[in-house]
J.: 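The structure that follows is given in the form of structure tokens.
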Amino acid sequence: MFVFMLCLFLWSWLSSIHGLEFHYHNSMEMEQYLKDINRTLPDITHLHSIGQSVEGRELWVLILGQHPREHRTGIPEFKYVGNMHGNEAVGRVLLLQLIDYLTSRYLSDPLVTSLLNSSRVHILPSMNPDGFESSARECMYTKGRYNKNGVDLNRNFPDAFESTTGRKREKEVRAVMDWLKTQSFVLSANLHGGAVVASYPYDNSNGGSELQRGLSISPDDDVFVHLAKTYSYSHREMHNGNSCYDSQDFSHGVTNGYHWYPLPGGMQDYNYVWAQCLELTLEISCCKYPPEAQLPGLWAANKPALLAYMQQVHLGVKGVVMDSYGKPVQNAVVEVAGRRNVCPFRTDRNGEYYRLLLPGNYTIKVTYPGHKTLTRTIPVPYGPDAFSALTHNFLLQTSDYSSTATQLPQSCTTPDLGIQESDSATLLPSVFTALTLFLLQTLLMLS
């Protein structure tokens, strides 16, 4: 503990004197910075790669918190993702600044200390390092937007509103999809540029009941609007709705994604539908790749909003679902009355559930095979101020009757990963084998 406190003091002192320089760190510089922080503060940080880009660059994620190496029951998982479009570079810069801010102020700043003690924060500064390295420092051009294969990563995820079965998933997208399987993320945001607005799901629609007055409305629309306004009103200018001279006016600085423009295969819809993680798309700068002299001002405008949004991970209710022996159960369905999600929310491998909800009374139904359905009406307070959602555990009882548990759609239990580059190497032999067996069977029948 003494060594940790000494390292933390030295890091805080150095940061207060020098701080992280406001410039565009290339991939090598970013990697070195993240490794330096992790080596200096191993007690509150953990650095790992979730995969590689097409050109082989690591997709580094830094985890911050009291227990950075493992999940703890009751501690929600939060994430920020930046630089999904390689030429939208401000998010990459701000997430590195956020890491510097959080690590240098832990135990000295009450807000930072409470955030890191009450949640586990994952930061992926660059999802598209290849695109960043090929970008030009231009405000609105697209050079560097796509990954090395020329694919827009924010159009490459499975989509709940259209069939994308068999579509090739890019390496970076597959890495994020696999990452979402390893952690039960509760709240997230991905940072973009080219406008100043907080966009929320749905991004797409097929003209079903979700389409209302030109908006594609999710079952948790009230929560999403609250989250978006939390960011926009904590931001210095976003809530004004007209920060960029060439952009449309956004009321309160927020927009429904589909209402702005339909976007199939987006990451925020995928997070919400398949990973039970509520995610926003934050457009944080009028210029996608502004001059470095503008970076301090962009950090000052976004810093309070980034912190306020993190605190919203404590909205609603959380808890553990247990069987009649008190053992946590995985894949129990936890449904909130009036919120019919495309894929029902369910408990994770630890038996935990998290439901972001605004204050109010909610009826929650829990179903699990071989057990009686359990329904409870729960008054939910406002949790962020106390840095904890309401905790309500469910203890199930066995049933003599057949299960009435909600059956998950096949698409919810096995999200489409698409075809990998390496899959093509095994596809032809598989087809050849099938044809060979068919011909042999035909010959035997004829003989």
J.: Quiz question: by atom type and distance under 3.5 Å, do the side chains of Glu279 and Asn190 form a donor-acceptor pair?
T.: yes
J.: Hey, what do you get for CH2 (Trp179) to CE (Met127), rounding to the nearest 0.5 Å?
T.: 9.0 Å
J.: Within the structure provided, determine whether Leu47 and Trp60 are in side-chain contact (heavy-atom separation under 4.5 Å).
T.: yes
J.: Going by atom types alone, do Glu352 and His71 pair a side-chain donor with an acceptor below 3.5 Å?
T.: yes
J.: If I compare all heavy atoms of Ile44 with all of Pro68, which pair ends up nearest, and what's the gap?
T.: C-CG, 3.7 Å
J.: Is the backbone N or O of Lys229 less than 3.5 Å from a side-chain atom of Ser232, with the two atoms forming a donor-acceptor pair by type?
T.: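 It does hold such a pair.
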J.: May I have all residue pairs that pass salt bridge (Lys or Arg N to Asp or Glu O under 4.0 Å) and include part of residues 194-205, sequence neighbours excluded?
T.: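 For residues 194-205, and leaving out neighbouring residues, there are no salt bridge (Lys or Arg N to Asp or Glu O under 4.0 Å) pairs at all.
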J.: Return the CD1 to OG1 distance between Ile37 and Thr103, rounded to the nearest 0.5 Å.
T.: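 Here the interatomic distance stands at 4.5 Å.
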J.: Checking Asn128 against Lys148 for the side chain to side chain donor-acceptor pair (under 3.5 Å) test, could you report, in this order, the C-alpha distance in whole Å, the side-chain angles of both residues, the deciding distance, and whether it holds?
T.: CA-CA 9 Å; Asn128 186 5; Lys148 181 63 177 178; over 6 Å; no
J.: Apply salt bridge (Lys or Arg N to Asp or Glu O under 4.0 Å) to Arg145 and Glu88, showing your working.
T.: CA-CA 7 Å; Arg145 174 185 178 90; Glu88 296 174 15; 3.4 Å; yes
J.: Does the side chain to side chain donor-acceptor pair (under 3.5 Å) test come out yes or no for Tyr382 and His314, once each step is laid out?
T.: CA-CA 8 Å; Tyr382 185 71; His314 298 296; over 6 Å; no
J.: Output yes when a side-chain donor or acceptor of Asn204 lies under 3.5 Å from a complementary backbone atom of Pro262, and no otherwise.
T.: no
J.: Between Thr391 and Lys318, does any side-chain donor sit less than 3.5 Å from a side-chain acceptor?
T.: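 No.
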J.: Are a donor atom and an acceptor atom from the side chains of His192 and Glu283 found within less than 3.5 Å of each other?
T.: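 His192 vs Glu283: no donor-acceptor pair found between side chains.
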J.: What verdict does the salt bridge (Lys or Arg N to Asp or Glu O under 4.0 Å) test give for Lys35 and Glu31, after you've listed the backbone C-alpha separation in whole Å, the side-chain angles of each residue and the deciding distance to 0.1 Å?
T.: CA-CA 6 Å; Lys35 288 181 175 179; Glu31 179 177 332; 2.8 Å; yes
J.: Kindly indicate whether the side chain of Val336, heavy atoms from C-beta on, has any atom under 4.5 Å from the side chain of Asn341.
T.: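 Contact flag for Val336/Asn341 side chains = no.
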J.: For the cysteines Cys286 and Cys139, is the SG separation below 2.5 Å?
T.: no
J.: What is the distance from atom CG of Asp221 to atom OG of Ser216, rounded to the nearest 0.5 Å?
T.: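 Between Asp221 CG and Ser216 OG, I get 9.5 Å after rounding to 0.5 Å.
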J.: Where the side chain of Asn38 meets the backbone of Thr45, is there a donor-acceptor pair that is under 3.5 Å apart?
T.: yes
J.: Is there a side-chain contact between Leu98 and Tyr80 in this structure, where contact means two heavy atoms from C-beta onward sitting under 4.5 Å apart?
T.: yes
J.: Using distance alone, with no hydrogens and no angle criterion, decide if Asn83 and Ser126 have a side-chain donor and acceptor under 3.5 Å apart.
T.: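 Ser126 and Asn83 do have a side-chain donor-acceptor pair below 3.5 Å.
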J.: Verify, without hydrogens or angle tests, whether Asp220 (side chain) and Val223 (backbone) share a donor-acceptor contact under 3.5 angstrom.
T.: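 No, because the side chain of Asp220 does not come within donor-acceptor range (under 3.5 Å) of the backbone of Val223.
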J.: Walk me through it: do Arg120 and Gln183 pass the test side chain to side chain donor-acceptor pair (under 3.5 Å)?
T.: CA-CA 11 Å; Arg120 193 161 170 250; Gln183 304 290 339; 3.1 Å; yes
J.: Nearest 0.5 Å, what's the CE-OG1 distance between Met322 and Thr347?
T.: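 Reported to 0.5 Å precision, the distance equals 11.5 Å.
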J.: Is there side-chain contact between Leu95 and Leu191, with at least one heavy-atom pair below 4.5 Å?
T.: yes
J.: Assess the residue pair Ser184 and Asp348 against the criterion (side chain to side chain donor-acceptor pair (under 3.5 Å)); give the C-alpha distance rounded to whole Å, side-chain angles, the decisive distance to 0.1 Å, and a yes or no.
T.: CA-CA 7 Å; Ser184 299; Asp348 62 16; 3.0 Å; yes
J.: Decide yes or no on side chain to side chain contact (heavy atoms under 4.5 Å, CB included) for Met238 and Tyr233, but give the supporting numbers first.
T.: CA-CA 7 Å; Met238 186 179 288; Tyr233 277 90; over 6 Å; no
J.: Determine whether the side chains of His85 and Asn154 contain a donor N or O and an acceptor N or O closer than 3.5 Å.
T.: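 On atom types as modelled, these side chains do not qualify, holding no pair under 3.5 Å.
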J.: What is the minimum heavy-atom distance between Ala198 and Ala228, and which atoms define it?
T.: CB-O, 3.8 Å
J.: Would you find more than 12 non-hydrogen atoms of other residues, nucleotides or ligands less than 6.0 Å from Tyr141 atom OH?
T.: no
J.: Closest approach of Ala175 and Gly51, non-hydrogen atoms and distance?
T.: CB-CA, 4.2 Å
J.: How far apart are the closest heavy atoms of Ala305 and Ser234, and which atoms are they?
T.: CA-CB, 3.5 Å
J.: Parallel, tilted or perpendicular: which describes the rings of Phe78 and Tyr309, with under 30° parallel and over 60° perpendicular?
T.: perpendicular
J.: Using side-chain heavy atoms (C-beta onward) and a distance below 4.5 Å, is Ser119 in contact with Met310?
T.: no
J.: Side chains of Tyr368 and Asn331: any donor to acceptor distance under 3.5 Å?
T.: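 Asn331 vs Tyr368: no donor-acceptor pair found between side chains.
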J.: Students often mix this up, so state it plainly: with edges at 30° and 60°, are the rings of Tyr270 and Phe157 parallel, tilted or perpendicular?
T.: tilted
J.: Measure the acute angle between the ring planes of His46 and His48, then classify it against the limits of 30° and 60° as parallel, tilted or perpendicular.
T.: parallel
J.: For the atom pair CD (Glu170) and NZ (Lys168), what is the distance rounded to the nearest 0.5 Å?
T.: 4.5 Å
J.: Short question: side chain of Glu210, backbone of Asn206 - any donor-acceptor pair under 3.5 Å?
T.: yes
J.: Strictly by modelled atom types, are Gln330 and Arg346 linked by a side-chain donor-acceptor pair under 3.5 Å?
T.: no
J.: I want to check something: taking the side chain as every heavy atom from C-beta on, are Arg355 and Arg339 in contact at a cut-off of under 4.5 Å?
T.: yes
J.: Is it true that Tyr272 and Phe224 have ring centroids separated by less than 6.0 Å?
T.: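 So the answer is yes for these two rings.
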J.: Within the 3.5 Å criterion, strictly below it, is a donor on Ser53 or Asp130 matched to an acceptor on the partner's side chain?
T.: yes
J.: So Phe185 and His122, side chain to side chain contact (heavy atoms under 4.5 Å, CB included) or not? Walk me through it.
T.: CA-CA 9 Å; Phe185 290 109; His122 305 244; 3.4 Å; yes
J.: Please work out which of the three classes, parallel, tilted or perpendicular, describes the rings of Phe132 and Tyr289, given edges at 30° and 60°.
T.: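 It falls in the parallel class, under 30°.
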J.: Would you confirm whether Asp269, through its side chain, and Tyr202, through its main-chain N or O, come within 3.5 Å as a donor-acceptor pair?
T.: no
J.: Which pair of non-hydrogen atoms, one from Val313 and one from Pro76, has the smallest distance, and what is that distance?
T.: CG2-CB, 3.6 Å
J.: Indicate yes or no: at least one non-hydrogen side-chain atom of Arg137 is less than 4.5 angstrom from one of Tyr24.
T.: yes
J.: Does any N or O in the side chain of Glu172 come within less than 3.5 Å of the main-chain N or O of Asn147, such that one atom is a donor and the other an acceptor?
T.: no
J.: Just verifying a value: how many Å separate Tyr261 OH and Thr255 OG1, rounded to the nearest 0.5 Å?
T.: 9.5 Å
J.: To check you understand the geometry: which heavy-atom pair defines the closest contact between Gly207 and Ser205, and what is its length?
T.: N-OG, 2.9 Å
J.: Is there a donor-acceptor contact under 3.5 Å from the side chain of Gln311 to the main chain of Pro384?
T.: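 The answer is yes, because a donor-acceptor pair under 3.5 Å joins these two groups.
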J.: With a 3.5 Å distance limit and no angle check, can you tell me whether His235 reaches the backbone of Glu237 through a side-chain donor-acceptor pair?
T.: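 Yes, because the side chain of His235 sits within donor-acceptor range (under 3.5 Å) of the backbone of Glu237.
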J.: May I ask you to test the Val186-Leu356 pair for a side-chain heavy-atom distance under 4.5 Å?
T.: yes
J.: Report yes or no: does Ser104 contribute a side-chain atom to a donor-acceptor pair with the main-chain N or O of Tyr101 at less than 3.5 Å?
T.: yes
